[in-house]
Amino acid sequence: MAALAFVCCFSVLAEAAGGLTLSWTNNLLTITGPDIPGGKLDIWYLEAFCRSGSTQRDWRQTVFPHKTSLTSASRDGKRLKFLTRVTPSVEVTHEVEARKDEVEFNFQLTNNGGEAVDLNWFQPACIRVERFTGRSQSNYIARSFIFTGHGLTTLAQTKRTEEALYRGGQVYMPKGINLADVNPRPLCGDRPVNGLIGCFSADDQWLMATAWDKTHELFEGVYVCLHADPHVGGLAPGETKKIRGKMYLMKNDVKTLLRRYERDFGK
């Protein structure tokens, strides 16, 4: 009976708080909200921590082994805290906070070892959008977008390529990133002009978009998924770096999305 009372209390508090709520189990982060098309958004969290030189190398040689643990969860379902240990010596503490129509991610990466670690970039979130877009692997890119020199551009409208170490998907690399250090999937001929990647809901009433303050790449995956992957640039012995990200789950209003992005990350 005590356990049942706790569950009921948890549900009431989450409902009273309004907006989005969070849960995490078996490396799957779930964002739930009454207005989210499909009712929820599932995210593989965290996916990979990567070395430099990744573009032409076997993926198994690029990624660092890592293990993530949930360290605390607020009773209202609004805040989760994690600890991820990355071999050989990196400790990552991170917090996810749900609000009315957005989720914020805050990371702190520390190298506790005596040698530099070539942790160049990472994939924090593989965002599964099949339910949200109402599309499949064959056509979800028509409802997904980045921003190029032409403005909002659906992924289906970009200059797509097919040749790469691994076929499928598409990598969107911003200026300032080394071509040798990205995902070993086909590299798009268009460059993103900001850090946003997102998609529209099946009924066109909502959009989801995500970005980080240090963008390494944007990526269209092979599981009806979208990624915004942050840049780290390596960690010297004893060095700590902080990285912040956002996910917007909001009404389909692109001008408002851009205003919020510029407010959060600047131009």
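Summarising the geometry of T154 relative to A142, their closest heavy-atom pair is CG2-O, 3.7 Å, with the distance given to 0.1 Å. Residues D190 and K159 come closest through the heavy atom pair OD2-N, 2.8 Å. Contact detail for V63 and A48: the closest heavy-atom pair is CG1-CB, 3.9 Å. Across every non-hydrogen atom of R128 and C225, the tightest pair is CD-CB, 4.1 Å. Across all their heavy atoms, G114 and P237 have their closest contact at O-CG, 3.5 Å. The two residues V222 and G169 come nearest to each other via the heavy atoms CG1-N, 3.7 Å.
We find the CD-CZ distance between E104 and R79 to be 10.0 Å, quoted to the nearest 0.5 Å. Interatomic distance, E91 CD to L235 CG, rounded to the nearest 0.5 Å: 12.0 Å. Remark: I31 CD1 to K40 NZ distance equals 12.0 Å, nearest 0.5 Å. For the atom pair CG (N194) and OG1 (T215), the distance works out to 8.0 Å, reported to the nearest 0.5 Å. To the nearest 0.5 angstrom, K67 atom NZ is 11.5 Å from T87 atom OG1. Atoms OG1 and CZ, on T62 and R51 in that order, are 7.5 Å from each other to the nearest 0.5 Å.
Under the 4.5 Å side-chain criterion, counting only non-hydrogen atoms from C-beta, L258 is in contact with F147. The shortest distance between side-chain heavy atoms of M208 and L249 falls below 4.5 Å. Looking at Q170 and I141, their side chains never come closer than 4.5 Å, going by heavy atoms from C-beta outward. Annotation: side chain of C50 is in contact with side chain of W59 (closest heavy-atom distance under 4.5 Å). Taking the side chain as every heavy atom from C-beta outward, V103 and K246 never approach each other to under 4.5 Å. The shortest distance between side-chain heavy atoms of N183 and E217 falls below 4.5 Å. For the pair W212 and L218, the minimum side-chain heavy-atom distance is 4.5 Å or more. In this structure the side chain of H227 reaches within 4.5 angstrom of the side chain of C126, judged on heavy atoms.
L46 and L226 end up in the same hydrophobic cluster when Ile, Leu, Val, Met, Phe, Trp and Tyr side chains are linked at under 4.5 Å. Both V182 and F219 sit in one connected hydrophobic cluster of ILVMFWY residues. Membership requires side-chain heavy atoms under 4.5 Å apart, directly or through other members. In the hydrophobic clustering of ILVMFWY residues, with side-chain heavy atoms under 4.5 Å counting as a link, L29 and L70 come out together. Criterion: ILVMFWY side-chain heavy atoms under 4.5 Å apart, direct or through other members. Under it, L257 and V193 are part of a common hydrophobic cluster. Taken together through direct or relayed side-chain contacts under 4.5 Å among Ile, Leu, Val, Met, Phe, Trp and Tyr, L207 and L152 form part of one hydrophobic cluster.
F49 and F122 have parallel rings, their planes meeting at less than 30° on a 0 to 90° scale where 60° marks the start of perpendicular. Taking the six-membered ring where the residue is Trp, W121 and H216 present parallel rings, their angle staying beneath 30° rather than reaching 60°. Aromatic ring orientation, H94 versus F107: parallel (interplanar angle below 30°, classes split at 30° and 60°). Between Y261 and F265, the angle of the ring planes lies from 30° to 60°, which puts this pair in the tilted group. Between F82 and W24, the ring planes lie perpendicular to each other; the angle is over 60°, past the 30° to 60° tilted range.
Crowding of K81 atom NZ: a count of heavy atoms from other residues, nucleotides or ligands under 6.0 Å not exceeding 12. The local environment of CZ in R244 is crowded, with over 12 non-hydrogen atoms from other residues, nucleotides or ligands closer than 6.0 Å.
Panel note: side chain D101, backbone M250; no donor-acceptor pair is recorded below 3.5 Å. Judged purely by atom type and a 3.5 angstrom limit, N111 has no side-chain atom pairing as donor or acceptor with the backbone of E239. In this structure, the side chain of N178 engages the main chain of A180 through a donor-acceptor pair within 3.5 Å. Of the possible donor and acceptor atoms, one in the side chain of K241 sits under 3.5 Å from a partner among the backbone N and O of V232. Panel note: side chain T21, backbone K78; no donor-acceptor pair is recorded below 3.5 Å. No side-chain donor-acceptor contact under 3.5 Å links T153 to the backbone of Q157. Between the side chain of T55 and the backbone N or O of D181, at least one donor-acceptor pair lies under 3.5 Å. Between the side chain of R191 and the main chain of M173, a donor-acceptor pair closer than 3.5 Å is present.
A side-chain N or O of S52 and one of D118 form a donor-acceptor pair less than 3.5 Å apart. A donor-acceptor pair shorter than 3.5 Å can be found between the side chains of S74 and D76. A donor and an acceptor atom, one from each side chain of E220 and Y172, are located under 3.5 Å apart. T256 and R259 share a side-chain donor-acceptor pair at under 3.5 Å. Judged purely by distance below 3.5 Å, without hydrogens or angles, the side chains of S89 and N112 never pair a donor atom with an acceptor atom.
A distance of 6.0 Å or more separates the ring centres of W44 and Y223. Aromatic ring centres of F132 and W206 lie farther apart than the 6.0 Å criterion allows.
Of the charged side-chain nitrogens involved, none lies within less than 4.0 Å of a carboxylate oxygen, so that D253 and K251 do not count as a salt-bridged pair. Here E130 does not pair with R135 in a salt bridge; the nearest charged N to carboxylate O distance is not below 4.0 Å. R160 and E162 are not joined by a salt bridge, as no carboxylate oxygen comes within less than 4.0 angstrom of a charged side-chain nitrogen.
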Begin from the C-alpha positions of Y248 and D264 and carry the test side chain to side chain contact (heavy atoms under 4.5 Å, CB included) through to its verdict.
-> CA-CA 11 Å; Y248 307 97; D264 292 334; 2.6 Å; yes
Show the numbers, then the answer: is there a side chain to side chain contact (heavy atoms under 4.5 Å, CB included) between L179 and L187?
-> CA-CA 9 Å; L179 179 59; L187 181 65; 3.1 Å; yes
Side chain to side chain contact (heavy atoms under 4.5 Å, CB included) evaluation trace for N252 with Q205 = CA-CA 5 Å; N252 184 358; Q205 298 301 303; 5.8 Å; no
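The side chain to side chain contact (heavy atoms under 4.5 Å, CB included) with I43 is formed by just one residue from the set I127, V129, V96, T210; it is I127.
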